[in-house]
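Below is one structure; the comments refer to it alone.
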Amino acid sequence: MHLFSRPAVSDAPAPDQDALPADARPLSRAAKGEVGRVIRVGLDGALHDSLDPDELERRLLEIGFVEGARVEILHEGLFGRDPIAVKVDDMRVALRRREAEAILITAWQQPAASGATPRVIAEDRRS
């Protein structure tokens with residue numbers, strides 16, 4: 001092998017390490033009342049107009065947008081539906097939609113309880 005020769009490149013596609021579910025979409029495209037689960041945070045090197053992509057990712061992770069977190073859109077701003085109020089697990093956060101673009105979500109699915117039946121709580125109707 002020559003010192004400056006390059007190794008042969010295969011024509012086969014590389015296996016996709018980060019295969020995304022079919023219903024994956026940015027949080028910025030979710031509407032009021034939608035509930036989802038965070039599957040990835042980050043812009044993957046894309047430019048963001050106000051922050052470095054790595055800095056934006058770090059801030060979102062610190063706020064609580066971690067993989068598996070439950071998110072719900074609580075409120076949308078009047079003009080351009082911006083900003084949005086989001087419930088992340090048990091915390092409420094306001095985000096600009098351009099920041100929410102860095103958060104990928106899927107539809108929320110309740111984890112299956114192991115053999116437990118749902119408990120119904122009756123309302124207390126005292127007169």
Contact check, side chains of [X] and [Y], non-hydrogen atoms, under 4.5 Å:
X   : Y    : result
V86 : I73  : yes
P26 : I103 : no
M91 : I63  : yes

**Prompt:** Can you name the salt bridge (charged side-chain N to carboxylate O under 4.0 Å, His left out) partners of E76, sequence neighbours left out?
**Reply:** R81, R97

**Item:** Results of salt bridge (charged side-chain N to carboxylate O under 4.0 Å, His left out) for E55 - residues two or more places apart only
**Value:** R58, R59

Name all residues meeting the side chain to side chain contact (heavy atoms under 4.5 Å, CB included) criterion together with [X]; count only those two or more places apart in sequence or in a different chain, and write none if there are none.
X    : value
A100 : L27, S28, I84, L95
L61  : V41, E57, V66
A24  : L20, P21, I39, T106

**Message:** Looking at every heavy atom in both A69 and G64, which two are closest together, and how far apart are they?
**Reply:**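 The answer is CB-O, 3.8 Å.
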
**Item:** Side-chain hydrophobic cluster, 4.5 Å single linkage: members besides L78
**Value:**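 Taking Ile, Leu, Val, Met, Phe, Trp and Tyr as members, L78 shares its hydrophobic cluster with F79.
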
**Gap separating the CD atom of E101 from the CZ atom of R96, nearest 0.5 angstrom** =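 CZ of R96 is found 14.5 Å from CD of E101.
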
**Complete:** To the nearest 0.5 Å, atom CG of D90 lies from atom CZ of R70 at 9.0 Å

